*Asks:* 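I'd like to ask some things about the structure below.
Along the sequence shown, residues are numbered consecutively beginning with 1. The structure presented is a predicted model; accordingly, all values stated were derived computationally and were not measured.
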Amino acid sequence: MKRIALVTGGVGGIGTAICKRLTEDGHFAIANYTIPGSEAKWKEAMKGVADCALAFGDVADFDAMGEMVAKIVKDHGPVDILVNCAGITRDSTFRKMTPDQWRAVLSTNLDGAFNVTRHVIDSMVERGWGRVVNISSVNATRGQFGQTNYAAAKAGLLGFTKSLAQEVVKKGVTVNAVSPGYVQTEMVMAIREDVRQKIVNEIPAGRLARPEEVADAVAFLASENAAYITGTNLSVNGGLHMYA
């Protein structure tokens, strides 16, 4: 059955892979983006895919997300699958971190999930079906030097996931998280090669994840086959960090 899927931050490396994977499953994928011009590579990657569209808006702005969702509903129909993938980094050691660096990351990475989910969850509950998948991070559970803001936001997403899952499961809506490790995106590949190799050396699998591997995990949690899975966190990190 074709579902309407909204992927925030959908024009990034992981977001694009998720959009492509969901269309392969027969869904209509809508990629949200914030920065004008950032959608160009997404359009190229999605060339030839009919079941996709773009939606502009800043996830950190609650009212803007309400307007964006209303337009999606008008143009395509209600959102069935929401993937909260939008995220930024403003890395700094905590003693040098500014309030602006802290707020920017929390506003996008954590508040953004609230701002979008709040505008789609009622419709999912009313229709008795929905999937929310939040993209967290391995650093939510293991921490990372210079990323107190990012780790705090991504850890917050895990608490958000488990709590919301309890509220809506009886209405046919599941809420889960996927926590990638280091993924072969432009951002990671831009890291100096010797530094990147040190990162890879720490990963038991001996390589970076492909964006498609994260997308596969998201697609499973968004599928009918995952109807009995909710409130969980699926780690896709090559064994970089294991926990109960």
*Asks:* Can you hop from Val188 to Val105 via hydrophobic side chains spaced under 4.5 Å?
*Replies:* no
*Asks:* Look up atom NZ in Lys198 and atom CD in Glu202, then write down how far apart they are to the nearest 0.5 Å.
*Replies:* 9.5 Å
*Asks:* Could you walk me through whether Phe220 and Ile229 satisfy the side-chain contact (heavy atoms from CB on, under 4.5 Å) test, starting with their C-alpha distance in whole Å, then the side-chain angles of each, then the deciding distance to 0.1 Å, before giving a yes or no?
*Replies:* CA-CA 10 Å; Phe220 168 66; Ile229 300 172; 3.6 Å; yes
*Asks:* Near Glu224 CD, under 6.0 Å, is it more than 12 heavy atoms from other residues, nucleotides or ligands?
*Replies:* yes
*Asks:* Does any non-hydrogen side-chain atom of Tyr182 lie less than 4.5 Å from one of Leu240?
*Replies:* yes
*Asks:* Between Arg21 and Glu213, is there a side-chain N and carboxylate O pair less than 4.0 Å apart?
*Replies:* no
*Asks:* Check the hydrophobic clustering (I, L, V, M, F, W, Y; side-chain heavy atoms under 4.5 Å; chains of links allowed) and say if Phe114 and Leu110 are grouped together.
*Replies:* no
*Asks:* Spell out, yes or no, whether Ile135 and Phe160 are grouped together once hydrophobic residues are joined by side-chain heavy atoms under 4.5 Å, including indirect joins.
*Replies:* no
*Asks:* Hey, are the side chains of Met97 and Arg95 touching, using non-hydrogen atoms and a 4.5 Å cut-off?
*Replies:* no
*Asks:* Which value, rounded to the nearest 0.5 Å, describes the distance between Phe56 atom CZ and Thr34 atom OG1?
*Replies:* 6.5 Å
*Asks:* Any idea which heavy atoms bring Ala217 and Leu234 closest together, and the distance?
*Replies:* CB-CD2, 3.7 Å
*Asks:* Under 4.5 Å between any side-chain heavy atoms of Ser107 and Asp61, yes or no?
*Replies:* no
*Asks:* Is it the case that the side chain of Glu39 and the backbone of Gly37 share a donor-acceptor pair, with hydrogens and angles ignored and the cut-off at 3.5 Å?
*Replies:* yes
*Asks:* What's the verdict on side-chain contact (heavy atoms from CB on, under 4.5 Å) for Val175 and Lys162, showing C-alpha distance, side-chain angles and the deciding distance?
*Replies:* CA-CA 7 Å; Val175 187; Lys162 292 180 180 296; over 6 Å; no
*Asks:* What's the shortest heavy-atom distance between Arg196 and Ile191, and which atoms?
*Replies:* NH1-O, 2.9 Å
*Asks:* When you measure from the side chain of Ser235 to the backbone N and O of Asn237, does any donor-acceptor pair fall under 3.5 Å?
*Replies:* no
*Asks:* I'd like to check Thr185 versus Leu208 (side-chain heavy atoms, cut-off strictly below 4.5 Å). Are they in contact?
*Replies:* no
*Asks:* Would you say Val79 and Ile121 are hydrophobically clustered, going by side-chain heavy atoms of ILVMFWY under 4.5 Å?
*Replies:* yes
*Asks:* Search all heavy atoms of Val138 against all heavy atoms of His241 and return the closest pair with its distance.
*Replies:* CG2-CB, 3.5 Å
*Asks:* Quick one: do Asp80 and Arg127 make a salt bridge, cutoff under 4.0 Å?
*Replies:* yes
*Asks:* Start with the C-alpha gap between Glu212 and Lys20, add the side-chain angles, then the distance that decides, and say whether salt bridge (charged side-chain N to carboxylate O under 4.0 Å, His left out) holds.
*Replies:* CA-CA 9 Å; Glu212 292 77 13; Lys20 291 182 73 173; over 6 Å; no
*Asks:* Testing the basics here: between Ala31 and Cys19, what is the closest heavy-atom pair and its distance to 0.1 Å?
*Replies:* CB-SG, 3.8 Å
*Asks:* Using every non-hydrogen atom in the two residues, find where Ala222 and Arg131 come nearest and quote the distance to one decimal.
*Replies:* O-CG, 3.5 Å
*Asks:* Between Leu221 and Val178, is there a side-chain heavy-atom distance shorter than 4.5 Å?
*Replies:* yes
*Asks:* Can you find a pair of side-chain heavy atoms, one from Lys2 and one from Asp51, that are under 4.5 Å apart?
*Replies:* yes
*Asks:* Could you give the distance from CG (Asp75) to CD1 (Ile30), rounded to the nearest 0.5 Å?
*Replies:* 8.5 Å
*Asks:* Within a radius of less than 6.0 Å around CZ of Arg192, do more than 12 heavy atoms belonging to other residues, nucleotides or ligands occur?
*Replies:* no
*Asks:* Are Lys41 and Glu44 ion-paired here, with the side-chain N under 4.0 Å from a carboxylate O?
*Replies:* no
*Asks:* Can you find a heavy atom in the side chain of Ile81 that is under 4.5 Å from one in the side chain of Ile4?
*Replies:* no
*Asks:* Rounded at 0.5 Å granularity, tell me how far NE2 in His76 sits from CG in Leu6.
*Replies:* 10.5 Å
*Asks:* If you count heavy atoms of other groups shown closer than 6.0 angstrom to CD of Gln197, is the number above 12?
*Replies:* yes
*Asks:* In Å, rounded to the nearest 0.5 Å, how long is the span from OG of Ser223 to NE2 of His27?
*Replies:* 7.5 Å
*Asks:* Apply side-chain contact (heavy atoms from CB on, under 4.5 Å) to the pair Arg90 and Asn149, showing each step before the final yes or no.
*Replies:* CA-CA 8 Å; Arg90 296 290 185 271; Asn149 49 5; 4.0 Å; yes
*Asks:* Looking at every heavy atom in both Pro78 and Val73, which two are closest together, and how far apart are they?
*Replies:* CA-CG2, 4.0 Å
*Asks:* Drop me the distance from Gln101's CD to Thr148's OG1, to the nearest 0.5 angstrom.
*Replies:* 9.0 Å
*Asks:* So, Arg118 and Asn115: side-chain donor and acceptor under 3.5 Å apart, yes or no?
*Replies:* no
*Asks:* Start with the C-alpha gap between Ile88 and Asn109, add the side-chain angles, then the distance that decides, and say whether side-chain contact (heavy atoms from CB on, under 4.5 Å) holds.
*Replies:* CA-CA 7 Å; Ile88 62 172; Asn109 299 16; 3.8 Å; yes
*Asks:* Would you indicate whether the side-chain heavy atoms of Thr16 and Pro211 approach each other to under 4.5 Å?
*Replies:* no
*Asks:* Please tell me whether Tyr150 and Leu157 are part of a single hydrophobic cluster in this structure, the criterion being side-chain heavy atoms less than 4.5 Å apart.
*Replies:* no
*Asks:* So among Asn84, Asn176, Thr8, which one has a side-chain hydrogen bond (donor to acceptor under 3.5 Å, both in side chains) with Asn134?
*Replies:* Asn84
